Amino acid sequence: MKLMSRFAQCLLLPVLLSVSIGTSFLAHGQTMPGKAEVRAVAGTATYSIGGAPGQPLKVGLVLNTGTTIKTGPESTVDLFLGNSAGVIRIAEKSTLSLDKLALTDTGADTAVEVQLNLPDGQMFFNVNKLSQASRYEIKVPNGVAGIRGTKGSARSDSSWVLLDGTLIFVYAPATGTPTPYVLKAPPAVYFTPATGLRPAPEDLTRGVRQQLERMNGPAFHPIGPPPGVPTKEPFLSPGTPPGNQ
């Protein structure tokens, strides 16, 4: 009985997101597969398709729907999803699946459909302004988020940092009914299931902003300072709870 209830909750998530964020992906028109181009790899990372053994991930590879990426310690991967869908960074010791990447010509513009699954770890996203017909979702073990033109980070423990834009997160705990939360920024906001929605701490905001800047810069670095390089202040990973530096 509990299993059926949980299944029903999961089915409700896309419906709630569509109603809350005001988007519905258009099925008509010419649809083509989307792709993710590997723009940068720092450290070690692998990719696999359909449960096959992992292979080393290299800059320049083009990944399609159904690909799963895993990063090692002190490693990051940057993916370019297209001019509209923007770029994402997969943080160290994380797993991300490209559940769906698609483009549809609606006649008026090009709509994108992106469905990402983050079962473990952390990711950063910089998404350009999407058309009303587009749909961009990030799934975590206990919920799913629908985002528009948005900058921020997501963790598999259902914690979110939003620096800019709008994000609707539907939290689906193991017991209970799904609950939608609306995140809007600026100013930067922070959500966790334990604390709810609140202003993002300055150190947390700074950590996410640094990762987004590195995604767009000429050099790409792993999470944290390079080994042996002193810093003026301790590095706070964007996933570190405030006060636990």
Side-chain angles (χ1 to χ4, degrees), residues 16-17 20-23 40 71 76-81 84-94 96 114 116 118 120-130 134-172 179-217 219-225 231-245:
L16 288 172
L17 281 172
S20 300
I21 207 164
T23 62
T71 56
T76 61
V77 169
D78 292 343
L79 300 179
F80 176 64
L81 304 182
S84 295
V87 290
I88 62 172
R89 167 168 285 193
I90 308 169
E92 65 169 346
K93 295 185 286 187
S94 300
L96 180 76
V114 176
L116 308 175
L118 182 70
D120 189 35
Q122 183 177 19
M123 65 173 286
F124 305 88
F125 47 86
N126 186 350
V127 182
N128 297 323
K129 185 177 181 180
L130 300 174
S134 295
R135 179 173 171 180
Y136 193 125
E137 295 179 357
I138 301 175
K139 180 182 177 182
V140 294
N142 283 325
V144 61
I147 63 180
R148 304 300 295 167
T150 311
K151 298 179 181 180
S153 73
R155 288 182 60 91
S156 57
D157 63 0
S158 296
S159 61
W160 301 81
V161 177
L162 189 67
L163 302 184
D164 185 64
T166 302
L167 182 154
I168 308 292
F169 177 58
V170 180
Y171 177 56
T179 303
Y181 295 88
V182 181
L183 285 65
K184 291 186 177 181
V189 292
Y190 179 47
F191 172 85
T192 70
T195 62
L197 183 62
R198 59 192 177 98
E202 182 179 349
D203 48 11
L204 197 60
T205 300
R206 183 171 62 250
V208 175
R209 198 179 305 279
Q210 287 175 349
Q211 296 304 316
L212 296 177
E213 291 172 351
R214 291 170 181 173
M215 285 163 56
N216 296 324
F220 298 90
H221 310 285
I223 299 295
T231 57
K232 295 182 180 180
E233 59 183 8
F235 180 86
L236 176 65
S237 168
T240 305
N244 290 351
Q245 300 96 303

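Here the structure is a predicted model, which is why all the values come from computation and not from measurement. Side chains are part of it too, since the values below use all heavy atoms of this structure and drop only hydrogens, waters and symmetry mates. Residue numbers start at 1 and run along the sequence shown.
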Q: Check whether any side-chain N or O of Thr179 sits under 3.5 Å from a backbone N or O of Tyr171 as a donor-acceptor pair, and report yes or no.
A: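 Looks like no, no N/O pair under 3.5 Å.
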**Q.** Ser156 side chain vs Val140 backbone, donor-acceptor pair below 3.5 Å
**A.** no
**Q.** Worked verdict on Val114 versus Val127 for side chain to side chain contact (heavy atoms under 4.5 Å, CB included)
**A.** CA-CA 11 Å; Val114 176; Val127 182; over 6 Å; no
Give, for atom [atom1] of [X] and atom [atom2] of [Y], the distance between the pair rounded to the nearest 0.5 Å.
X	Y	atom1	atom2	result
Leu116	Leu81	CG	CG	6.5 Å
Asp157	Leu118	CG	CG	9.5 Å
Lys184	Arg148	NZ	CZ	12.5 Å
Ser153	Arg89	OG	CZ	12.5 Å
Gln122	Glu92	CD	CD	9.0 Å

Q) For Phe191, what residues pass the ring pair (Phe, Tyr, Trp, His ring centres under 6.0 Å) criterion, not counting sequence neighbours? A)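 For Phe191, the residues satisfying ring pair (Phe, Tyr, Trp, His ring centres under 6.0 Å) (neighbours in sequence not counted) are Phe169, Tyr181.
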Q. Knowing that exactly one of Met215, Arg214, Gln211 qualifies, which makes a side chain to side chain contact (heavy atoms under 4.5 Å, CB included) with Asp78?
A.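 Considering Met215, Arg214, Gln211, a side chain to side chain contact (heavy atoms under 4.5 Å, CB included) with Asp78 is found only for Met215.
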Q) Would a 4.5 Å heavy-atom cut-off, applied to side chains only, mark Val77 and Leu96 as touching? A)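 The answer is no, as the side chains (C-beta and beyond) never meet within the 4.5 Å cut-off.
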Q: Please examine the side chains of Thr71 and Thr76, heavy atoms only from C-beta on, and report whether any two atoms are closer than 4.5 Å.
A: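 They are not in side-chain contact.
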Can you see which heavy atom on [X] is nearest to which on [Y], and at what distance?
X	Y	answer
Gly121	Ser94	CA-OG, 3.2 Å
Leu212	Lys151	CD1-CB, 3.8 Å
Pro187	Ala185	O-CB, 3.3 Å
Ala154	Phe125	N-CE2, 3.9 Å
Pro193	Ser158	CD-O, 3.5 Å
Leu130	Ile147	CD1-O, 3.9 Å

(Q) Between Leu162 and Thr150, does the side chain to side chain contact (heavy atoms under 4.5 Å, CB included) criterion hold? Intermediate values first, please. (A) CA-CA 7 Å; Leu162 189 67; Thr150 311; 2.8 Å; yes
Q. Can you name the residues that form a side chain to side chain contact (heavy atoms under 4.5 Å, CB included) with Thr195, not counting sequence neighbours?
A.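 By the side chain to side chain contact (heavy atoms under 4.5 Å, CB included) rule, Thr195 matches Thr192, Arg198.
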Q | Check ion pair Arg135-Glu137 (N to O, under 4.0 angstrom) | A |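 Salt bridge flag = yes for Glu137 with Arg135.
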